[in-house]
Each structure stands twice: as structure tokens, then as C-alpha cells.
Amino acid sequence: MIFTYITNKIGGYNQLRSIYFKTNYSIIRKACLFLNKGLQIESNSYLPFDNTISGPLNLPHGNSGIFISGSAVIGKNCTIYQQVTIGSNTLISSKKFGSPIIGDNCILGAGAKIIGKVKIGNNCRIGANAFVNQDIPDNSTVISGSQVIVGNTENENKIYQLGEQGWGYLSNGKFITETDKTKIEILCSKRN
């Protein structure tokens, strides 16, 4: 677990990725690649640097078992839980040949699988263990079992947690303290 320890001291996968892209020194880039490879082995994950990620990923349970294809595209402020696969379809005869494109502010529940050239719209929720192999419009929710798209509603995809300053959520890798008193009351009442 030495790679996990070192990467966490640096600031986690997002910070390691950021250092890799910001530096002009090949030795630092090689060190970042080495640490990331070790992190992937320790966590049974695949989080390469050659994909496109618009903002820091929110990884509430770390990167355990997460697989992100090297050619995937992920928008800003996405939350990805453990055991998620965002995988390419490389069967040349397939209609969905290619890699997923995930919009901004999406939540991918534990064990969700998004495979092939599909587009997940902004503000979508992909439920735990759901399998997605078709395009999903903005503000949709997909549940497990048979792929079902539930309505087109405005989703507020903030995963709340109780921090040192009170209730808040992660946005672009930073903890934002909630100030809306109504939401805080709801959060407090659901906690009991």
C-alpha cells in the first residue's frame, strides 16, 4: 500500500494527474506514471492519464476497482463510486465501436458499467450495477436490471457528507459547505 500512501500524501489521483500534465520535466512525468501504475496495481483499478477528464473526479470510496478507458471523455464534477467501468467497445463490427462520453455533474453508482460509444448527458445518475450501452439524455436516471431511463427531471447531483464545518459536498475536488438552511434541516433530519 506504499503507492496509495504516497499518492494520498500528494493529494490523490486528481493531484497526481494534474502534476503530470502541468510539468515540463520528463523525470517528474515518469515519476507520476510510476506512482499511478503502482496505485492501479494496489487498488485493482485502471485510471490512465491519456483520457480526457475536464475536472477533478469525486471518488468518495477511492479508486478501488474503477476502470476508465484511455479514450473515454468525462466532464466536470463527476462522482464515481467503486467498481465502475467506463469501457471502450473495440469490436470493429459493432454499432457502438468507441468509448463513452460522460457529461458534467454525473453520478455513477457502485458497479455501474458504461460500455461503447455512448453519450451520457449532463446531470445524469447511473444507478448501482446499471449497464448502459445507449445514449442517455441530460437530467436522466438509469436504474439497474433492464435499462430504464426514468424521466427528464432536474437532478441536483450533490453527494452530501458531514465535514468539520458542517454539511457539504464535493465540487471539482473541493469541499463546499452547504449554506441553505432548508437543505441543512433536511440533512439533519435524515441523519437521525
Point to revise | Residue pair Ile53, Tyr13: steps toward the side chain to side chain contact (heavy atoms under 4.5 Å, CB included) verdict | key: CA-CA 12 Å; Ile53 301 174; Tyr13 168 77; 4.0 Å; yes
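- Remark: side-chain polar atoms of Asn122 are paired, donor with acceptor, to backbone N or O of Asp104 under 3.5 angstrom.
- Partners of Lys183 under the salt bridge (charged side-chain N to carboxylate O under 4.0 Å, His left out) rule, at least two apart in sequence or in another chain, are Glu156.
- Side-chain atoms of Ser43 come within 3.5 Å of backbone atoms of Leu39 as a donor-acceptor pair (strictly under, hydrogens ignored).
- The side-chain tip of Arg17 does not point at the ring of Phe49 from less than 6.0 angstrom away and within 45° of straight on.
- The shortest distance between side-chain heavy atoms of Phe131 and Ile115 falls below 4.5 Å.
- Aromatic ring centres of Tyr169 and Phe175 lie farther apart than the 6.0 Å criterion allows.
- Using a 4.5 Å heavy-atom cutoff, the side chains of Tyr20 and Leu33 are in contact.
- The closest donor-acceptor contact from the side chain of Asn8 to the backbone of Thr4 lies under 3.5 Å.
- When all heavy atoms of Asn77 and Leu170 are compared, the closest pair comes out as OD1-O, 3.7 Å.
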Exercise for review: Could you walk me through whether Tyr81 and Ile107 pass side chain to side chain contact (heavy atoms under 4.5 Å, CB included), step by step?
Suggested key: CA-CA 8 Å; Tyr81 284 91; Ile107 297 175; 4.0 Å; yes
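- Pro100 and Gly87 make their closest contact through CD-O, 3.3 Å (heavy atoms, listed as atom of the first residue, atom of the second, distance).
- Considering CD1 of Ile66 and CG of Leu108, their distance stands at 9.0 Å, rounded to 0.5 Å.
- With values rounded to the nearest 0.5 angstrom, Ile80 atom CD1 is found 11.5 Å from Ile126 atom CD1.
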Practice item. Show the numbers, then the answer: is there a side-chain hydrogen bond (donor to acceptor under 3.5 Å, both in side chains) between Gln40 and Ser45? Key: CA-CA 5 Å; Gln40 291 176 105; Ser45 64; 5.3 Å; no
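- Ring orientation note: the planes of Phe67 and Tyr46 are close to parallel, at an angle under 30° on the 30°/60° scale.
- Once rounded to the nearest 0.5 Å, the distance linking OG of Ser99 with CD1 of Ile114 reads 12.0 Å.
- The cluster map of Ile, Leu, Val, Met, Phe, Trp and Tyr, joined by side-chain heavy atoms under 4.5 Å apart, puts Phe21 and Val73 in different clusters.
- A 4.5 Å side-chain heavy-atom check between Gln83 and Ser64 finds at least one atom pair inside the cut-off.
- Checked by atom type and distance alone, the side chain of Asn36 pairs as donor or acceptor with a backbone atom of Leu47 at under 3.5 Å.
- The two residues Ile120 and Cys106 make their nearest non-hydrogen contact at CG2-SG, 4.1 Å.
- For the pair Lys96 and Asp135, the minimum side-chain heavy-atom distance is below 4.5 Å.
- Open room surrounds NZ on Lys76; 12 or fewer heavy atoms of other groups in view lie less than 6.0 Å from it.
- Of all heavy-atom pairs spanning Pro48 and Asn51, the tightest one is O-OD1, 3.4 Å.
- Taking 4.5 Å as the limit, some side-chain heavy atom of Leu57 sits within range of a side-chain heavy atom of Ile74.
- Contact check for Ile28 versus Ile19: side-chain heavy atoms found under the 4.5 Å cut-off.
- Remark: the backbone N or O of Met1 is paired with a side-chain donor or acceptor of Glu42 at under 3.5 angstrom.
- Side-chain contact between Ile10 and Leu35: present, with at least one pair of heavy atoms (C-beta onward) separated by less than 4.5 Å.
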